[in-house]
Amino acid sequence: MSEPAIPAAEVDGAPRRITLPRLATIVAVAAVLYLAQDIFLPLAIAVLITFALSPLVAALRRRGVPQLAAVLATVFVAFALIALLSLVMIGQLGELARNLPTFQANIIAKVETLKEAGGGGGLAGRLSEMIAAVNAEIGSALPGGGDATGRPMQVEVVERSNVLQMLQDLVVPLVSPIATTGLVVVVVIFMLLEREQLRERFIRIVGAHDIHRTTQVLQEAGSRVATYLLVQLLVNAIYAIPIGIGLWLIGIPNAVLWGLLTLVLRFVPYIGSVLSAAFPLFLAFAVSPDWSAVLWTAALFATVELVTSNVVEPWLYGSRTGLSPLAIILAAIVWTFLWGPLGLVLSTPLTVCLVVLGRHIPQFELFDILLGDEPVLYPHVRLYQRLLVGDAVETTFQAGADLEDMALADYYQSVAIPALLQAQDDRDRGVLTAEQEARLADAAQRLVANLETMAEEERLAPPEEGDEPAPGGGFRVACIGGRWPSDDVTAAMLAQAMTVEGAEAQAHGYETLTPARMASLDLEHQDCLVLCFLDPTPTRASLLHIRRLKRAAPHLRVGVVIWQMPPEVLSLAAGPRLPQPVGQEKAKEAEEIGADFVCTTIDAALEAAFIKAEPRKLAQSARPLARAASRRRKKAAD
């Protein structure tokens, strides 16, 4: 069972809340990132490349290579590969542009086929019109004048410009990306050279008073981002190589270009694969006189995608990014709005950094709560919320997942009963309505009933070597709710845990404690009876049932369980208000009334119930003495 780590904000004190100043700060920062993207976008790219190259530099340093040589060699190899891939793609694009005229005949033939099939209307007609428009654009872009329809080429009068304006229009578009690339290379080099100094400065700014936490932030952020980028690059390569080879075998022109484009576009979450398939599919439509190339190309992408998603990625992704699937989509939308296509590519690693910061630094906790993949509620609080809305199906599924790693009794003790204790506390404070209480008790009873199959499987599981026999064998126990319907649920949980241990246990509602229904308990054939209370301070009237039960069946051992939060839940630094521990006064009162044992946990209740011992004798109560004295007074008066 996975439990959420205690956020840094909760360790420091009260949990952080979403406030208007905090939201205003986030909006202001987003506005700055949008307006100054020419500054922050190259820096973001440089930071992410630094994260990706840091492990390689560290590996060279461990082999004795000087720092400067290790950094320069790593950066040179990395950017040389990027430049080589860019040159190959540019060359392939040029070749594709030269071959465009040869595709027009096939496009026109398919358009005519679609028109004949669709009769000029419907989906086929609209599709043929769209393809005809694309074909016309291709024809108009080619030299020779005129488009595919034979219409004259539109002439546009362009005013003459001076030499300076011409140079500006020609040089600036070329110089700007080159300058940005050079800036990124320089920043990466200096970041790799001054990694230690940058780490120290970050620690000094963010949290010099808690070096352990700040160091953990840097290590986790660097590890997650580097792992994501390198593993994603490996997955993309494994995906792109079969695509390139398959397109070449199918006969799609410029297969190398589409393989490299697939390698790059796969960095875009979710839609990258679709985008990478769109261009080859259109080209297959254009180059083939029939539909076979289109079908083979679609089958190629579908097969590689299925294999990669279901085999390669689960095998290679040993560590998660820490983001929920919805968070990845939302992050892609936000970063694309801020920084365009490059923001879409960078969205996942940038959001990973924000989530890591939020996991360890209070000021960024909001990002971890909204975007992280860790549960934000403790298991018992999550179960309480599901029970409040009466969702027994979801609670059963979650319980089944938790029971893969823990025993049924442990689940009830650490998750289910704390959830009911939380409900009891809300009831005592008057914030739980009668309708909510009834719905919660009904959903909890259905949860226990749904877990009956798992309890039976656990009971019938063959014992492992060295295990002791089930301690409940031969015992007959009745578990009864103390006062409220939620108490009945805990009685059912305890009875189910006892059956797992081999006992014959039955659960009964608190209504069976009335004199008219007590006969249904079959006390003569029971060895032990346990009263269950969620209220940490049950009333004396409720505890007096002990005496009535023992008078009705003197051979019966009667115990009381006043449920208490386990230490691991009580030790949580934050979260909902927790019930107070059971006071010694109530335990002592129950023993004085005649209880054979008083417990607060399932384990203690199992141990106390499965004991062959004589029941405690009831002390002479005040009520029989008062009746005897009354009789003596009446006799003397007569």
Side-chain angles (χ1 to χ4, degrees), residues 16-52 82 86 168-169 171-188 190-191 198 201-202 205-206 217-218 221-222 224-226 228-229 232 264-272 274-275 321-373:
R16 307 286 191 229
R17 304 299 180 196
I18 300 178
T19 61
L20 287 178
R22 193 177 297 275
L23 289 177
T25 302
I26 295 174
V27 172
V29 171
V32 171
L33 292 176
Y34 176 77
L35 296 174
Q37 58 180 298
D38 293 338
I39 299 174
F40 290 107
L41 184 55
L43 289 178
I45 296 174
V47 169
L48 295 179
I49 294 176
T50 301
F51 277 136
I82 295 175
S86 302
Q168 183 178 352
D169 295 340
V171 173
V172 171
L174 295 176
V175 171
S176 179
I178 295 175
T180 302
T181 304
L183 176 63
V184 170
V185 174
V186 172
V187 173
V188 169
F190 279 97
M191 280 187 173
L198 291 174
R201 295 177 190 278
F202 180 82
I205 293 174
V206 176
V217 170
L218 292 172
R224 282 184 184 272
V225 173
Y228 167 77
L229 292 175
Q232 185 66 47
V264 175
L265 289 177
R266 279 277 299 178
F267 279 101
V268 179
Y270 295 110
I271 64 173
V274 178
L275 294 176
T321 61
L323 304 178
S324 67
L326 178 60
I328 294 176
I329 298 176
L330 294 178
I333 295 173
V334 172
W335 287 110
T336 303
F337 170 77
L338 293 177
W339 289 346
L342 281 177
L344 179 60
V345 176
L346 302 176
S347 61
T348 299
L350 288 175
T351 310
V352 167
C353 295
L354 290 177
V355 170
V356 172
L357 287 174
R359 194 158 294 168
H360 300 284
I361 298 178
Q363 292 82 353
F364 297 91
E365 183 198 6
L366 178 64
F367 297 112
D368 183 35
I369 294 175
L370 296 179
L371 305 175
D373 64 347

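Just so it is clear, the values below take in all heavy atoms, side chains as well, and ignore hydrogens, waters and symmetry mates. Quick caveat: nothing in here was measured; it's all calculated off a predicted structure.
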Spatial distance of atom [atom1] ([X]) from atom [atom2] ([Y]) [nearest 0.5 Å]:
X: L41; Y: T180; atom1: CG; atom2: OG1; answer: 8.5 Å
X: L346; Y: L48; atom1: CG; atom2: CG; answer: 5.5 Å
X: I329; Y: T348; atom1: CD1; atom2: OG1; answer: 10.5 Å
X: L344; Y: L338; atom1: CG; atom2: CG; answer: 12.0 Å

Check [X] against [Y] and note the closest heavy-atom contact, atom names and distance.
X: P42; Y: Q37; value: CD-O, 3.7 Å
X: A44; Y: L350; value: CB-CD2, 4.1 Å
X: L43; Y: V187; value: CD2-CG1, 4.4 Å

List in chain and number order the residues that pass ring-ring contact (aromatic ring centres under 6.0 Å, His included) with F190, two or more places apart in sequence or in another chain; answer none if no residue qualifies.
->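 If we apply the ring-ring contact (aromatic ring centres under 6.0 Å, His included) test to F190, skipping adjacent residues, there are no hits.
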Kindly write out the residues that satisfy ring-ring contact (aromatic ring centres under 6.0 Å, His included) with F40, not counting sequence neighbours, or none if the list is empty.
->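 Listed in chain order: nothing, the list is empty.
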Report the residues that fulfil side-chain hydrogen bond (donor to acceptor under 3.5 Å, both in side chains) with W335, sequence neighbours left out, ordered by chain and then residue number.
->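 Testing W335 for side-chain hydrogen bond (donor to acceptor under 3.5 Å, both in side chains), a comparison that skips the adjacent residues, returns T351.
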For W339 and S347, indicate whether the former's side chain and the latter's backbone hold a donor-acceptor pair under 3.5 Å.
->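 Here the side-chain-to-backbone pair does not exist.
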